[in-house]
Amino acid sequence: MGRPRHWLFKSDPEEFSVEDLKAAPGRTACWDGVRNYQARNFLREEIGEGDRVLFYHSRRRPSIVGVARVVRAGYPDHTAMDPQNPHFDPRSTPENPLWYMVDIRLEAVFKEPLPLSLLRTIPELKTMALLRKGNRLSVQPVTPKEFEMILLLARNTPERTVER
DNA sequence: GCCAACGTTGGC
DNA sequence: GCCAACGTTGGC
């Protein structure tokens with residue numbers, strides 16, 4: 001498959017929000033703490049520099065809140081090797097890292113989040129992995145068409161213009 | 001706060 | 001290798 005590819009990253013905003021990414025140096029942060037093998041495989045093998053990312057807030061007000069760009073492809077997640085870190089995993093070592101992360105840079109925050117409830121009403125998004133029942137994957141692929149539709153929704157409504 | 005869905009663990 | 005028990009995710 002060609003580049004860029006498209007992804008959706010979930011985050012509990014109480015842990016790490018799109019505003020946290022906006023406030024980070026260079027609007028760039030590493031996407032650490034992923035401890036699921038399927039998501040790990042995407043981070044380690046599939047996601048490349050230049051890929052595009054939808055930033056999703058889970059929980060309180062589930063919604064897509066912005067877009068980001070992958071600026072560094074998969075490399076070992078150092079938080080897994082830090083005993084002080086809540087995501088520490090003693091099975092992961094520098095010689096044989098178990099968990100991976102990528103770096104992303106924020107490109108835009110939507111002025112109004114696109115809530116899950118709205119996304120469910122869009123026929124073109126019916127097939128989105130995010131909308132499938134019981135889906136818990138925190139890093140998931142998005143089709144180019146789905147991605148474009150999300151950006152269209154973010155732009156089209158006047159109060160949903162994209163803030164740079 | 002509830003609970004369904006899911007992933008992981010571990011006894012056998 | 002099966003599967004029950006358990007812990008976690010995450011929408012509602």
Side-chain angles (χ1 to χ4, degrees), chain A residues 5-24 29-47 51-68 70 73-104 106 108-143 145-154 157 159-160:
Chain A
R5 294 182 64 182
H6 304 79
W7 308 90
L8 181 140
F9 288 8
K10 289 184 192 171
S11 185
D12 180 344
E14 293 199 357
E15 290 242 351
F16 188 80
S17 73
V18 75
E19 293 304 321
D20 292 329
L21 181 56
K22 191 176 179 179
C30 55
W31 201 258
D32 63 342
V34 172
R35 297 294 180 266
N36 168 284
Y37 287 105
Q38 206 181 339
R40 189 278 311 268
N41 293 344
F42 285 137
L43 291 170
R44 189 176 61 181
E45 290 146 25
E46 306 278 334
I47 301 178
D51 283 3
R52 312 198 71 190
V53 174
L54 298 171
F55 198 116
Y56 177 82
H57 281 175
S58 64
R59 298 246 166 211
R60 310 278 172 277
R61 207 184 157 213
S63 39
I64 299 175
V65 293
V67 290
V70 176
Y75 63 106
D77 181 344
H78 54 76
T79 68
M81 303 173 213
D82 173 7
Q84 310 302 326
N85 194 283
H87 299 295
F88 175 62
D89 184 341
R91 297 172 299 170
S92 191
T93 64
E95 298 75 33
N96 204 1
L98 184 58
W99 303 113
Y100 280 72
M101 60 189 184
V102 299
D103 290 354
I104 62 170
L106 183 67
V109 180
F110 300 159
K111 271 206 165 160
E112 292 294 326
L114 298 174
L116 208 51
S117 54
L118 170 73
L119 302 179
R120 290 193 193 285
T121 69
I122 311 295
E124 290 87 342
L125 300 180
K126 277 275 188 317
T127 54
M128 263 193 102
L130 178 69
L131 304 183
R132 277 204 288 274
K133 188 179 177 184
N135 164 67
R136 293 178 11 180
L137 199 55
S138 68
V139 171
Q140 52 183 252
V142 173
T143 70
K145 279 183 180 170
E146 290 162 354
F147 192 91
E148 283 313 309
M149 180 58 59
I150 298 294
L151 288 195
L152 203 63
L153 288 168
T157 328
E159 65 271 24
R160 290 207 176 94

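Convention: sequence-line order gives letters A, B, ...; per-chain numbering from 1.
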Residues two or more places apart in sequence or in another chain: which of them pass side-chain contact (heavy atoms from CB on, under 4.5 Å) with [X]?
{"X": "Arg91(A)", "result": "Tyr37(A), Asp89(A), Leu98(A), Trp99(A)"}
{"X": "His78(A)", "result": "Cys30(A), Met101(A)"}
{"X": "Thr93(A)", "result": "Glu95(A), Asn96(A)"}

Subject >> Between the first and last five pairs of the helix from dG1(B)-dC12(C) to dC12(B)-dG1(C), the angle of the axes, rounded to 10 degrees >> reply: 10°

Can you check the [X] [atom1] to [N] [atom2] distance for me, whole Å?
{"X": "Asn135(A)", "N": "dA4(B)", "atom1": "CG", "atom2": "P", "result": "18 Å"}
{"X": "Asn36(A)", "N": "dG10(C)", "atom1": "CG", "atom2": "P", "result": "9 Å"}
{"X": "Arg35(A)", "N": "dG10(C)", "atom1": "CZ", "atom2": "P", "result": "15 Å"}
{"X": "Arg132(A)", "N": "dG10(C)", "atom1": "CZ", "atom2": "P", "result": "15 Å"}
{"X": "Leu137(A)", "N": "dA5(B)", "atom1": "CG", "atom2": "P", "result": "18 Å"}
{"X": "Arg120(A)", "N": "dG11(C)", "atom1": "CZ", "atom2": "P", "result": "8 Å"}

Look for any protein N or O under 3.5 Å of an N or O in nucleotides 7-9 of chain C and output each such pair with its distance, or none.
| residue | atom | partner | partner atom | Å |
| --- | --- | --- | --- | --- |
| dT8(C) | O2 | Arg136(A) | NH1 | 3.0 |

**OP:** Could you list all the salt bridge (charged side-chain N to carboxylate O under 4.0 Å, His left out) pairs where at least one residue sits in residues 117-138 of chain A, not counting sequence neighbours?
**Re:** none

**OP:** Identify whether any heavy atom of Arg61(A) sits under 4.0 Å from a base atom; if not, whether one sits that close to sugar-phosphate; answer base, sugar-phosphate or nothing.
**Re:** nothing

Original post:
Can we say Arg40(A) and Asp77(A) salt-bridge, meaning some charged N sits less than 4.0 Å from an Asp/Glu carboxylate O?
Top reply: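 Salt bridge: no.
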
**OP:** Report the residue (Arg60(A) or Lys133(A)) whose heavy-atom-nearest nucleotide on DNA chain B is the more 5′ of the two.
**Re:**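 With Arg60(A) and Lys133(A) compared, the 5'-side residue is Arg60(A).
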
Taking only residues two or more places apart in sequence or in another chain, which ones pass salt bridge (Lys or Arg N to Asp or Glu O under 4.0 Å) with [X]?
{"X": "Arg61(A)", "value": "none"}
{"X": "Asp51(A)", "value": "Arg3(A)"}
{"X": "Glu46(A)", "value": "Arg5(A)"}

Original post:
Taking the side chain from Glu146(A) and the backbone from Thr143(A), do they hold a donor-acceptor pair closer than 3.5 Å?
Top reply: yes

